[in-house]
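Inspection log for the structure reproduced underneath, given as structure tokens.
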Amino acid sequence: MATRTNTFVIFCAFLFSLVPGLVCAAGGLFPKMPLATNVFVVNCQNDSEEAKRTELALQGLVNRTSAEVYLVEKPLDRTHLEDSGIAHVNLPLPNGNDAGLCALFQKYQSRVKKMILYDPAKDWTFHLAVMAGAQENGIPVTEPVKDELVSKSGWSGEIEDYRNRWPDKITAYDWAMQNLMPHCNRQVVFALKSAHSLIDYAVATGGFDFHFDLKANPGQRDEMDKIFHAGGYTVGSSLMGYDRDSANVAANKYGIGYVVSDLYDNGSFWSSQPDETFHQAPGRAIAALPGRVYVTITWSDGDNIQFDQNAIYQLWKDPARGSVPVGTTLSPSLQELDPKLLDWYYKKMTANDELMAGPSGVQFIYGNDFNDQLFPAWCATNRIWLADAGFHTACLWHTAYPGQKFSSYLSTCGLDGILFSGDITAASAGQAHEHSKAKNRHGSTSDVVVENGIPVISEGHAVWNEDDIFNHLSRVQPDPDKPVFVGVKCIVEGFEKKEGAGGGYAKIKRQVDRLNAAYPGRFVFLLPKDLFATIRTYTASSR
């Protein structure tokens, strides 16, 4: 099934690349769980970490048949469920330790045919137990967790011991590639720590699961390459979880896109919700005047779906949202992984909100590192997902300008504008091709590149606190001969609400007001799509 789905995705991308204007609905990149009639909520906030790991695996085991188990690991998990409007029943908890796990196991112990013992000090034993359990109707357990479950339930299934089966991580994963990988899903591959919430989705999908720390152990990169090569992954496959951005470089050369999702909760549950497509109004141009600085402010990290589900979600509950134009990066993959969440964002939008793609679209990729032969197919797939997400703007990272991949991305993305992580100003100054330069009325090169009719500007200075906004923009000087267009990227981690300090939007609004008071008439703040509509109008009139 996974192979057929991936083939369909690539086939749609191929057709799209051959027939301009052909539309295939986004979907088929990620395994979906069957929608359940009844939903049972288990509060596991007070369970031990070892119990939670087993609980997540059991959730995935149940949800792959019918996505009826929802875990509350933190208060926000319950908020998400309430905001979704999905009817549910709270599973009663027994007295004693690890009450959430005990309640869940009591209800579903007949589904568990095997317990697989792992050693928390040898993380590979856990990841292999996760994969083997998914294939053999088993769950990973430490010895204390096993003893607790057996004593309280009377369960008498098979117990297998992985704790001392392999001398080291490399030997263990070599064994897994030979014995477990042939039965693993090819749509998804997981880079997880044992504490990552995404364990449930790894079990439910049956994807290959590993963990390396390439920063501490760069030599393990060879083993990661072996996994990607042996798995036969290609365009349409996603690396999920998190193993630093360096995992992106390793995955991209195989055509695998990164979907950062380490602390994403209840993935096996949310993926069961029906896919949705979305629409967002296009940008509106205003007159761009010399002597003015046109600014677009965006939130960072939206390519990471755990940010979409947690930090950005909380930022959007700030009452000050809507008081100033701000673009919010999100992952288009939510259309299939969590359509309820993307729908919530759309329903809560104000006129001063824009939803846009984080780097570099449907998956987090580096154009420079992506497989050259597979890049056109990825670009075609990317366009489908961006269009069905309703996005008009995206961030493009680590893709050389000028360059063939930069041009390929722009010619296929279907967007109205790009926020770029590289230095386009210096590069464009040396370009001989007139079509790649935006010119002002006097013919000098601007800080905007226009290629294939799509304007590109730098995503801008990364600011970590509200004073950085003022300090940075205060240094941007207006040009009496032309308008200036700049981006500012607010790092979500630095703007998350702190006690007594107000929400992230309130912080931005304070600095916008401060700038307007200090420099009357200098700044105009626009949503990204409105900024790019303004740039297109301005550059067209300047030719």
Side-chain angles (χ1 to χ4, degrees), residues 1-10 28-34 53 56-65 111 113-114 116 118 123-140 160 162 165-166 169-194 196 198-212 220 222-243 247 250-251 253-259 261-262 264 267-268 271 333 336-337 363:
M1 179 178 177
T3 301
R4 289 201 304 271
T5 306
N6 270 355
T7 301
F8 174 75
V9 170
I10 297 171
L29 283 187
F30 303 94
K32 301 282 290 183
M33 301 306 117
R53 292 173 201 161
L56 287 163
L58 180 53
Q59 178 190 24
L61 204 63
V62 173
N63 283 357
R64 69 184 184 184
T65 303
R111 309 273 188 98
K113 307 305 180 186
K114 175 186 287 190
I116 304 175
Y118 71 92
D123 68 349
W124 62 89
T125 64
F126 172 77
H127 295 290
L128 267 63
V130 164
M131 286 187 279
Q135 296 178 15
E136 302 168 14
N137 294 312
I139 54 175
E160 189 169 2
Y162 274 17
R165 190 162 173 178
W166 304 275
K169 178 175 292 191
I170 302 303
T171 305
Y173 286 124
D174 283 345
W175 180 88
M177 279 184 272
Q178 289 293 321
N179 295 276
L180 299 176
M181 182 174 277
H183 308 289
C184 286
N185 190 299
R186 295 302 195 266
Q187 289 175 272
V188 283
V189 56
F190 294 89
L192 297 179
K193 293 181 180 179
S194 56
H196 284 175
L198 199 64
I199 291 166
D200 72 301
Y201 192 62
V203 171
T205 61
F208 196 90
D209 172 27
F210 65 87
H211 174 250
F212 299 116
Q220 294 177 355
D222 291 342
E223 190 71 6
M224 184 183 291
D225 282 337
K226 285 169 63 177
I227 290 170
F228 291 151
H229 177 75
Y233 307 106
T234 186
V235 176
S237 300
S238 294
L239 172 63
M240 300 188 70
Y242 186 61
D243 197 348
K253 69 181 182 181
Y254 296 94
I256 305 169
Y258 207 176
V259 178
S261 46
D262 42 344
Y264 178 73
S268 63
S271 68
S333 67
E336 191 160 46
L337 287 171
Q363 297 162 318

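- When every heavy atom of Ile227 is checked against every heavy atom of Met181, the shortest pair comes out as O-CE, 3.5 Å.
- Contact check for Phe190 versus Ile199: no side-chain heavy atoms found under the 4.5 Å cut-off.
- Taken from CD1 in Ile116 to CZ in Phe126, the straight-line distance is 11.0 Å, to the nearest 0.5 Å.
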Please tabulate, for the side chains in residues 130-138, all donor-acceptor contacts under 3.5 angstrom to protein atoms that are two or more places apart in sequence or on a different chain.
| unit_1 | atom_1 | unit_2 | atom_2 | d |
| --- | --- | --- | --- | --- |
| Gln135 | NE2 | Leu180 | O | 2.9 |
| Glu136 | OE1 | Lys114 | NZ | 2.5 |
| Asn137 | OD1 | Arg64 | NH2 | 2.5 |

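- Without hydrogens or angle criteria, Gln59 side chain to Asp200 main chain gives no donor-acceptor distance under 3.5 Å.
- Atom CD of Gln178 and atom CG of Asp174 lie 8.0 Å apart (nearest 0.5 Å).
- Qualifying salt bridge (charged side-chain N to carboxylate O under 4.0 Å, His left out) partners for Asp262, counting only residues two or more places apart in sequence or in other chains: none.
- In this structure a side-chain-to-backbone donor-acceptor pair under 3.5 Å is missing from His127 to Trp124.
- Between Phe210 atom CZ and Leu192 atom CG the span is 8.5 Å, to the nearest 0.5 Å.
- Relative ring orientation between Tyr162 and Trp166 is described as perpendicular, the plane-to-plane angle rising above 60° on a 0-90° scale split at 30° and 60°.
- Pairing each heavy atom of Tyr264 with each of Leu337, the nearest pair is OH-O, 3.6 Å.
- To the nearest 0.5 Å, atoms CZ (Arg186) and CD1 (Ile256) are separated by 11.0 Å.
- To the nearest 0.5 Å, atoms CG (Asn179) and CG (Leu128) are separated by 9.5 Å.
- The minimum heavy-atom distance between Ser271 and Met33, with the atom names listed, is OG-CG, 3.4 Å.
- A donor-acceptor pair under 3.5 Å links the side-chain atoms of Lys169 to the main chain of His211, judged by distance alone.
- Here Gln363 contributes atom CD and Leu239 contributes atom CG; the two are 9.5 Å apart, rounded to the nearest 0.5 Å.
- No side-chain heavy atom of Met240 sits less than 4.5 Å from a side-chain heavy atom of Thr205.
- Taking each heavy atom of Tyr173 and Asp209 in turn, the nearest pair found is CE2-O, 3.7 Å.
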Could you give me the CA-CA distance, side-chain angles and deciding distance for Trp175 and Arg165, then say whether side chain to side chain contact (heavy atoms under 4.5 Å, CB included) is met?
-> CA-CA 10 Å; Trp175 180 88; Arg165 190 162 173 178; 3.7 Å; yes
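- Inter-residue side-chain proximity for His229 and Met177 is flagged as unmet; no heavy-atom pair is nearer than 4.5 Å.
- Scanning both residues, Gly207 and Cys184, for their nearest heavy atoms gives C-SG, 4.1 Å.
- Of all heavy-atom pairs spanning Leu61 and Ile139, the tightest one is CD2-CG2, 4.2 Å.
- A donor-acceptor pair is defined here as one N or O able to donate and one able to accept, closer than 3.5 Å; such a pair exists between the side chain of Ser261 and the backbone of Gly241.
- Side-chain atoms of Tyr201 come within 3.5 Å of backbone atoms of Pro31 as a donor-acceptor pair (strictly under, hydrogens ignored).
- Residues Leu56 and His196 are not in side-chain contact: their nearest non-hydrogen atoms beyond the backbone lie 4.5 Å or more apart.
- The closest donor-acceptor contact from the side chain of Gln187 to the backbone of Leu29 lies under 3.5 Å.
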